[in-house]
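Take a look at the structure below.
All values below were derived from every heavy atom in this structure, side-chain atoms included, with hydrogens, water molecules and symmetry-related copies excluded. Chain letters run A, B, ... following the sequence lines, proteins first, then strands; residues in each count from 1.
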Amino acid sequence: MEYPFQDIEKKWQKIWQEKKIFNPLNKTDKQNYYVLAMFPYPSGILHCGHVSNYSISDAIARVKMMEGFNVMNPMGFDSFGMPAENYAIQHNSHPRITTEECIEAMHKQFDSVGFGLDWDREVSTCRPDYYRWGQFIFKKLYEKGLVYRKKSFQNWCEECQTVLANEQVENGHCWRCESEVTQKELEQWYFKITEYAEELLDFSKMIEWPERVMTMQKNWIGKSFGTEIDFVLENSMDSCLRRNDEGLEETGELVKVFTTRPDTIFGVTFMALPPEHPYVQRWLAAEPDNKPLHEFCHMVINEDKIERTAEDTTKEGIFSGKYCINPVNGDKVQIWITNYVVMDYGTGAVMAVPAHDQRDFEFAKKYNLPIKIVIQNKEHNLAVETMQEAYIEEGWQVNSAQFDGMENEPAKKAITDWIADKNMGKQTVTYRLRDWGVSRQRYWGNPIPIIYCDDCGVVLVPDKDLPVLLPDNVQVGKTTRNPLLSVPEFVNTTCPQCGKAARRETDTMDTFVDSSWYFARYADPKNDKEPFSKENANSWLPVDQYIGGIEHAVMHLLYARFIHKFMRDLGWVDCDEPFARLLTQGMVTKDGAKMSKSKGNVVDPKYIIDRYGADTLRVFLLFASPPEKDVEWSDDGVMGAFRFLNRVWRLIETYKDTIRKGLSYCSSGQDVSGQFKDLQYSTHHTVKKWLDDTEKRMQYNTAIAAVMEHLNNVTSIKEPNKLNEAELAVFARACVIIPRLLYPFAPHIAEELWQQLGNKHLIHESGMPTYKPERLIRDTISYVIQINGKVRGKMDIAPDTPDEKVKELALEVENVKKTLEGKTIHKIIVIPQKMVSIAIS
RNA sequence: GCGAAAGUGGCGGAAUGGCAGACGCGCUGGACUUAGGAUCCAGUAGGCGCAAGCCUGUAGGGGUUCAAGUCCCCUCUUUCGCACCA
């Protein structure tokens, strides 16, 4: 007989909804607790990954409710983006319609799992009441000088008329139309996230973040210290002024290089520039007939970005015909245009030191460029003729003028100081992090609130005109170009400043912008005066516990931290970080692989819920592994969870009258023995373990295991209806704790059984379960006796036995005596309440 | 290549320096059954032994410790992130 999970689950979902227990006010006399799992893209189909993620946040929320917090666990939808456009095309519909349908479907499906979500606070990024404030934030960023437009080379598909991300380029061809991808210089909007690079490296305000996420962000930001050195361009067209000992001096234009190895500056034998470098672009323009140069640059620029930046790509280059002067020794060095230097790191120019940099070495070998040793190995003398690879280890400075003989490490600083002193450069810091390009040539996204006027230039849309509404009358899929370009009533507008005809920006924002502040909107989701009020934001933020996949370790979490810090700087919110604690949960796999349609290994949660109930599915997913690890799907595992819940049901259903009677008896616990003493211990011990696992460790698999173990202890009592009063009191208390311990994981069955045992309140209203430490004291303690690290005996003795007596007793144990025969004891160590360790010769 | 995490029975996993394998699955045997994807009982790391008990065992090797899956060093494997970053 299976327990009636279908009736129970519907019943309690209705009660929770009616009592609005998951719809917290912003201010109550309780302390606020904000738990948030990353909002989903509304695919319309609930999959096991959703159930797994939101089962974790739901468990946390319910534990915190039991603890007496005012808990917010909101839900919304990350509903802009490319997949919605594609979905609409497939279904011959419009993204607004299909997206809203999907949202409704998912809302229902989430409810069918019994998640305690605050739907009153639902946000959906594609709705004007939300994206309006995204545009507002864009404007604020712009006003603070954190938004700019920059021309840069992008993967461009002529056929689709859009920019492609690196991962959307397959072997140099567009992933969608398969036409060749070229590099096009385009104006794109950028957010100056690099302004916050330094603060984003500071993780000290997080209460608990996984080490590896912080490491990934650190690596991504990639701070490195080095020196910027100015090389003077020979025969340059323009000139610039430079300060020297005597005052200002006129020199040629400067080629600035960034290096982490200023100690090798005397070993520079050529300069390497990428074809994108502005000087190179200028030379190209000045020499339209220089065919080899044009061909080489064109080829490199249009090379697939991924391929070009792969380490094993062969280094290629061409001599530009230009020279520059090494400021430290006046050497005239050739300037080469190469494919191995990238424009957007450092200064986009490299001083090449083949003797001490492997890439430069390979390049110099290939093109027969000179190699000059300036760091000498202390043990084996290096010689240019015999070098097989660059020498990048430590050594003495040689051929380095006044620095000869110094060790190269201190020489780095000495040379930098000297260069700075001579105004030839300076110490500097460079980041790998680049500014955030937010322009997308796509329809289904948040319009950028910008108007272009021939007279006034770039003009922000005034606040009163926000939101810039995304027009609906777009033929999705009918055009391959940016769809907004084909909506004249959107494009054509008037300039807010001069009133003349003007046109709108047709790019939309990267959807990562939408997800960079939604957590704050939940605090005040219906505010139509501002993105959220400071009061409400401060009452909830930072998110106490954020939950999401590791795939968002860098992008989303870095962008959200950036925007949050910006909002803080605007005075909108006080805290420095948006997410105090972060849990990166694993994914649900089957046959060792992520569930996906293409692999055909998808399990439909709806089927499991219909057949075994939502509680079973949740218990299975939480029990299978700790939250941060992947869960391997197992049909047998689901059965195991179902069997467990059925056992709980049978126990309490069968004996509910007996248990209720037992609860009315006083339980002093002093008048039982044996099995019942053990059972009483089990009750208190299980609560202790459960509290530790749910509150401190957030390890739900072991919390559930503890409940299972306790259930085994309870069901080992035979014929409970024949117990005496004292025994029954213990038995009843052992039973009644089970629904409460099960509540965060299997809330429906828990509430039902709790009610059947005569309780009038909901479980969370009854507070956290507690245990009595004095009930954890056993009559006897089992000691293990180790000899040289091996277990040689056991003994059960009174817990308050003094250490000296414990030693004596241990030596009396039969097998211990035997093992010790004829041996000398070095040392006896007593670990109180646990073991005796004896070291012998 | 750099950085990070991990490696435990047939499987998922547990063990906060203190009895390795909790709990669940699977499997074996039994009970009840016309029947079982039901329920209940017993067993289940490997080896030796009639037994008491002994030996081996947490990827491999070394070390610290009375005591190591856990801490340290080296090697291997896997996964993830970054990747010509000057």
Side-chain angles (χ1 to χ4, degrees), chain A residues 1-2 210-220 222 224 226-227 257-261 264 272 274 306 308-315 338-342 344-353 357-360 362-363 430-432 550-551 553-554 619-620 623-626 628-644 646-647 650 689 692 696-697 699 701-712 715-716 718 782-794 814-815 818-819 825-831 833-840:
Chain A
M1 249 271 287
E2 293 172 355
E211 202 57 47
R212 68 170 174 151
V213 174
M214 295 191 285
T215 307
M216 280 161 77
Q217 294 203 354
K218 256 179 217 153
N219 292 343
W220 186 266
S224 59
T227 309
V257 300
F258 171 77
T259 181
T260 54
R261 293 294 306 274
T264 65
I306 300 215
R308 176 169 156 199
T309 54
E311 205 169 351
D312 47 9
T313 306
T314 31
K315 293 169 181 44
T338 70
N339 66 344
Y340 77 94
V341 178
V342 294
D344 36 11
Y345 181 75
T347 57
V350 169
M351 59 172 224
V353 187
D357 182 283
Q358 187 57 25
R359 296 153 301 182
D360 299 341
E362 284 167 31
F363 192 85
T430 291
Y431 301 91
R432 208 187 70 96
I550 188 72
E551 66 272 19
V554 175
V619 167
F620 162 71
F623 178 66
S625 71
E628 67 277 5
K629 286 181 72 178
D630 289 350
V631 173
E632 171 69 16
W633 183 267
S634 153
D635 291 332
D636 289 328
V638 175
M639 286 301 302
F642 188 54
R643 268 203 295 266
F644 165 60
N646 272 297
R647 287 181 67 203
R650 269 200 309 277
K689 165 94 177 131
D692 200 38
K696 262 207 337 245
R697 304 202 311 159
Q699 194 152 308
N701 56 332
T702 49
I704 293 170
V707 181
M708 289 174 166
E709 208 171 349
H710 179 62
L711 178 70
N712 290 343
T715 52
S716 69
K718 298 299 163 211
S782 190
Y783 272 77
V784 168
I785 301 141
Q786 281 189 353
I787 296 170
N788 282 357
K790 291 202 160 82
V791 179
R792 295 298 179 199
K794 290 177 186 181
E814 195 56 39
N815 201 46
K818 212 172 78 190
T819 314
I825 297 172
H826 281 301
K827 209 171 175 184
I828 303 179
I829 296 158
V830 176
I831 313 298
Q833 316 295 305
K834 281 203 175 115
M835 66 158 51
V836 181
S837 187
I838 302 167
I840 60 171

**OP:** Starting from C1' on B/C85, measure out to CG on A/D344 and report it in whole angstrom.
**Re:** 10 Å

Original post:
Phosphate oxygens OP1/OP2 of B/A14: is one of them under 4.0 Å from a side-chain N or O of A/N701?
Top reply: yes

Original post:
Heavy atoms under 4.0 Å, any strand shown: does A/G640 hit a base, just sugar-phosphate, or nothing?
Top reply: sugar-phosphate

Subject >> Touch class at under 4.0 angstrom, heavy-atom based, for A/V631 against every strand present >> reply: nothing

Original post:
Given pairs defined as Watson-Crick or G-U wobble with both distances under 3.5 Å, what dot-bracket annotation applies to RNA chain B, with ( ) intrastrand, [ ] crossing, | other strand and . unpaired?
Top reply: (((((((..(((.....[....)))((((((.......))))))((((....))))..(((((..]....))))))))))))....

Subject >> side-chain contact (heavy atoms from CB on, under 4.5 Å) evaluation trace for A/R212 with A/I550 >> reply: CA-CA 10 Å; A/R212 68 170 174 151; A/I550 188 72; 3.6 Å; yes

Original post:
Which is true for A/V353 with a 4.0 Å heavy-atom rule: it touches a base, it touches only sugar-phosphate, or it touches nothing?
Top reply: nothing

Original post:
Can you name the residues that form a salt bridge (charged side-chain N to carboxylate O under 4.0 Å, His left out) with A/R697, not counting sequence neighbours?
Top reply: A/D693

Original post:
Any donor-acceptor pair under 3.5 Å linking the side chain of A/S625 with the backbone of A/D630?
Top reply: yes

Original post:
Counting side-chain heavy atoms from CB outward, which of B/C82, B/A22, B/C19 is closest to A/Q786?
Top reply: B/C19

**OP:** Apply the side chain to side chain contact (heavy atoms under 4.5 Å, CB included) test between A/T264 and each candidate in A/D360, A/D357, A/V353; give the one that qualifies.
**Re:** A/V353

Original post:
Side-chain N or O of A/N712 less than 4.0 angstrom from OP1 or OP2 on B/A22?
Top reply: no

**OP:** Using a 4.0 Å heavy-atom cut-off across all strands, classify A/Q699 as base, sugar-phosphate, or nothing.
**Re:** sugar-phosphate

**OP:** Give a yes or no answer on whether the side chain of A/N339 reaches the backbone of A/T314 with a donor-acceptor pair at less than 3.5 Å.
**Re:** yes

**OP:** Mind calculating the distance between NZ (A/K629) and C1' (B/A14) to the nearest angstrom?
**Re:** 10 Å

Subject >> Nearest-Å distance for atom pair CG/P, residues A/D360 and B/A86 >> reply: 12 Å

Original post:
If we only count heavy atoms from C-beta on, is the A/R647 to A/N712 side-chain gap below 4.5 Å?
Top reply: yes

Original post:
Mind checking the P distance from B/C40 to B/C48? Whole angstroms is fine.
Top reply: 35 Å

Original post:
Expressed as a whole number of Å, how far does the P atom of B/C19 sit from that of B/G29?
Top reply: 34 Å

Subject >> Pairs where residues 631-643 of chain A contributes a residue and the test side-chain hydrogen bond (donor to acceptor under 3.5 Å, both in side chains) is met, not counting sequence neighbours >> reply: A/T589-A/E632, A/W633-A/D635

**OP:** Give me the one residue out of A/T338, A/V342, A/V341 that meets side chain to side chain contact (heavy atoms under 4.5 Å, CB included) with A/V350.
**Re:** A/V341

Original post:
Can you check the A/F620 CZ to B/G13 C1' distance for me, whole Å?
Top reply: 12 Å

Original post:
Rounded to the nearest 0.5 Å, how far does OG1 of A/T259 lie from CE of A/M351?
Top reply: 4.0 Å

**OP:** Determine the Euclidean distance between corresponding P atoms of B/U75 and B/G81; express it in Å to zero decimal places.
**Re:** 24 Å

Original post:
How do A/D630 and A/S782 order along RNA chain B: which one's closest nucleotide is nearer the 5' end?
Top reply: A/D630

**OP:** Could you tell me the separation between the CD atom of A/E628 and the C1' atom of B/G13, rounded to a whole number of Å?
**Re:** 12 Å

Original post:
With A/K827, which residues qualify under side chain to side chain donor-acceptor pair (under 3.5 Å), at least two apart?
Top reply: none

**OP:** Mind telling me if B/G21 is syn or anti? Syn here is a glycosidic angle within 90° of 0.
**Re:** anti

Subject >> Under 4.0 angstrom between A/K827 side-chain N/O and B/C66 OP1 or OP2 >> reply: yes

Original post:
Would you say B/C85 has OP1 or OP2 under 4.0 Å from some side-chain N or O of A/Q358?
Top reply: no

Subject >> A/R212 side chain near B/A6 phosphate (N/O to OP1/OP2, under 4.0 Å) >> reply: no

Original post:
Within the pair A/S224 and B/A86, is there a side-chain N or O less than 4.0 Å away from OP1 or OP2?
Top reply: yes

Original post:
Rounding to a whole Å, what distance do you find between A/I550:CD1 and B/A5:P?
Top reply: 12 Å

Original post:
Base, sugar-phosphate, or nothing: which does A/S634 touch, judged by heavy atoms less than 4.0 Å apart?
Top reply: nothing

Subject >> Base versus backbone protein contacts along nucleotides 41-58 of chain B [heavy-atom cut-off under 4.0 Å; B, S, -] >> reply: S-----------SSSS--

Original post:
A/F623 has an atom CZ; how far is it from atom C1' of B/A14, in whole Å?
Top reply: 10 Å

**OP:** Go through B/C66, B/C82, B/C19 for me and flag the one nearest to the A/V784 side chain.
**Re:** B/C19

Original post:
Any side-chain N or O of A/R359 under 4.0 Å from OP1/OP2 of B/C85?
Top reply: yes

Subject >> Candidates B/A15, B/C40, B/A67 - which lies nearest the side chain of A/T702 >> reply: B/A15

Original post:
What is the distance from atom OG1 of A/T715 to atom NE2 of A/H710, rounded to the nearest 0.5 Å?
Top reply: 10.0 Å

Original post:
Looking for any heavy atom pair under 4.0 Å, which part of the strands does A/E632 touch: base, sugar-phosphate only, or nothing?
Top reply: nothing

I'd like a list of close polar pairs between nucleotides 26-31 of chain B and the protein, N/O only, cut-off under 3.5 Å.
| residue | atom | partner | partner atom | Å |
| --- | --- | --- | --- | --- |
| B/G26 | OP2 | A/R643 | NH2 | 3.1 |

**OP:** Provide the distance between the two C1' atoms, one in B/A14 and one in B/A22, to the nearest whole Å.
**Re:** 5 Å

Original post:
Nearest 0.5 Å, what's the CD1-CD1 distance between A/I787 and A/I825?
Top reply: 8.0 Å

**OP:** Find the distance A/M708:CE to B/G13:C1' and express it as a whole number of Å.
**Re:** 12 Å

Subject >> A/R432 side, atom CZ; A/D344 side, atom CG - distance, nearest 0.5 Å >> reply: 10.5 Å

**OP:** By nearest nucleotide on RNA chain B, pick out whichever of A/I838 and A/K696 is the more 5' one.
**Re:** A/K696

Original post:
Between B/G81, B/A86, B/C66, which nucleotide gets closest to the side-chain atoms of A/M216?
Top reply: B/G81

Original post:
Are the side chain of A/Y783 and the backbone N or O of A/Q833 linked by a donor-acceptor pair below 3.5 Å?
Top reply: yes

**OP:** Quick one: label A/K794 by what it contacts on the DNA or RNA (base, sugar-phosphate, nothing), any heavy atom closer than 4.0 Å.
**Re:** base

